[in-house]
Amino acid sequence: MAGLDLPLDAGRQMLRDSVQRFLADRERVGWADLTALGLGGVTIPEAAGGFGGGAVETALLMAELGPALAGADWLSHAAATWLVGRLAPGHGALGALAEGRQRAALVCPATAAAMPIVEAADGGWRLRGLATLVAGAAEADLFVVADPQAVLLVAADPDRVEQRHRIMLDGSVTADLGFASGPAEAEALAEGGAARAATEIVTDMVLAGRCGEAVGLMRRMIDDTAAYMGQRRQFGVPIGSFQALRHRCADMQLALMKAAALTELAVLSVNGDEAARAAAVGAACVEVQDAVRIVGEGAVQIHGAMGLTEELALGSRFKRALGIAAAMGPQATHLARFAEAAA
């Protein structure tokens, strides 16, 4: 079953089908595999050698890449290149990014635990301070810093950007970035109101993409659990015949369906009205954070202790889903955002 029920044209169908076929016999894939498949340019304009995709294509692929634990770095790259293509469609870096010869990482409130300081200086912009736990930044060649004051493009020059890599509980690798870039090193892609609007949109695009990744992970966890219940036997019968476990699976499926429905609404709202986007994305984040716990805990408990061993991929998927929920930030923030937008 597809991870998300989103509008599909011929291009999107082909893109999703090719990724599904590629992942069919692979548990995990690396960056080289993704670029060989052409995913480096999914969100880059066609004129620059990309696919020309946006939030829908990103979420569709995140739902497929999630179970293979390959979505964390790709989402940061996809959002960063989408932002560059939107603000500077003729930028010279887009060709190398589309071909996979370079990688980009987005530094925004949805991809970093703390943001650096952006300030005007000498007719340009200065970037200083620390961005912590930046997703996808460990191997990036370019950083796109999305701040309400300005959107800046910065090269990963070790003389200007100090990096400290961190391996997270779910196995993904983030980076703490210490910036010391002056106007000559920080290229401004947008300023003022344009920067503020672009930052808000790309932040919600990342949140919607992470919701899509979580939906894909939860669907795989439920599928694996249902298969296990048909194989594991107790008292001479499959445990799938036990009413209590069947009810537990029904609760897991219901949580997934609600999270998927709100995720689809959030994805479709990314490029729409600001208030509608805020309400949809906020609601999706809240529901996904709840669903991750219901589905993940249920899947692990039905499997028993082996559910968290290295023998099964279930444990790694549950850890990644928990990492996604944590990276979304406090649930109260999303609830407040939804309430304000819906008022």
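Residues take their numbers from the sequence shown, with the count starting at 1.
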Do you know the tightest heavy-atom contact between Asn271 and Arg86? OD1-NH1, 4.3 Å
Counting only heavy atoms from other residues, nucleotides and ligands, does the tally under 6.0 Å from CD of Gln243 exceed 12? no
Check: Arg12 side chain, Val56 main-chain N or O, donor-acceptor pair, under 3.5 Å: no
Any side-chain to backbone donor/acceptor pair from Arg128 onto Val118? Under 3.5 Å, distance only. no
Does Asp9 reach the main-chain N or O of Gly11 with its side chain, forming a donor-acceptor pair under 3.5 Å? yes
Under 3.5 Å donor-acceptor, Ser76 side chain and Leu106 backbone: yes
Thinking salt bridges, do Glu57 and Arg16 make one under a 4.0 Å N-O criterion? no
Under 4.0 Å between a side-chain nitrogen and a carboxylate oxygen: does that hold for Asp204 and Arg277? yes
ring-ring contact (aromatic ring centres under 6.0 Å, His included) partners of His334, counting only residues at least two apart: none
Pair Asp176 + Arg164, salt bridge at N-O below 4.0 Å: no
Would you list the pairs meeting ring-ring contact (aromatic ring centres under 6.0 Å, His included) in which at least one residue belongs to residues 265-310, sequence neighbours left out? Tyr228-His303
Nearest heavy-atom pair of Ala135 and Thr174: which atoms, and what distance? CA-CG2, 4.3 Å
Between Arg103 and Asp73 (salt bridge meaning N to carboxylate O under 4.0 Å), is one present in this structure? yes
Side chains of Thr43 and Thr81: do they bring a donor and an acceptor to under 3.5 Å? yes
Taking CD in Glu119 as the centre, count heavy atoms belonging to other residues, nucleotides or ligands within less than 6.0 Å. Is the count above 12? yes
Decide if atom CD of Glu340 counts as having more than 12 heavy atoms of other residues, nucleotides or ligands within a radius under 6.0 Å. no
Is there a donor-acceptor pair closer than 3.5 Å between any side-chain N or O of Arg317 and the backbone N or O of Leu217? no
Going by atom types alone, do Gln13 and Asp17 pair a side-chain donor with an acceptor below 3.5 Å? yes
Are Lys258 and Asp290 within salt-bridge range, i.e. N to O under 4.0 Å? no
Tell me the closest heavy-atom pair linking Ala208 and Val270, and the distance in Å. CB-CG2, 4.2 Å
Please report the closest heavy-atom contact between Gly307 and Val300, naming both atoms and the distance. O-CG2, 4.3 Å
Side chain of His165, backbone of Ala175: donor and acceptor closer than 3.5 Å? no
Between the main-chain N or O of Ala280 and the side-chain N or O of Ser269, is there a donor-acceptor pair closer than 3.5 Å? no
Arg248 vs Gln301, test: side-chain hydrogen bond (donor to acceptor under 3.5 Å, both in side chains). Steps then yes/no. CA-CA 10 Å; Arg248 185 67 178 273; Gln301 290 175 6; 2.9 Å; yes
Would the distance check show the side chain of Trp74 and the main-chain N or O of Leu39 forming a donor-acceptor pair, the cut-off being under 3.5 Å? yes
In terms of heavy-atom contacts, does CE of Met257 have more than 12 from other residues, nucleotides or ligands at under 6.0 Å? no
From CG (Leu152) to CD (Glu191), nearest 0.5 Å: 8.5 Å
Short question: side chain of Thr35, backbone of Trp31 - any donor-acceptor pair under 3.5 Å? yes
Please check if the number of heavy atoms outside Gln163 that lie under 6.0 Å from its CD is greater than 12. yes
Per side-chain contact (heavy atoms from CB on, under 4.5 Å), Arg232 is matched among Leu245, Ile302, Ile239 by Ile239
Stepwise side chain to side chain contact (heavy atoms under 4.5 Å, CB included) test for Met328 and Gln289: CA-CA 8 Å; Met328 288 179 179; Gln289 287 176 318; 3.7 Å; yes
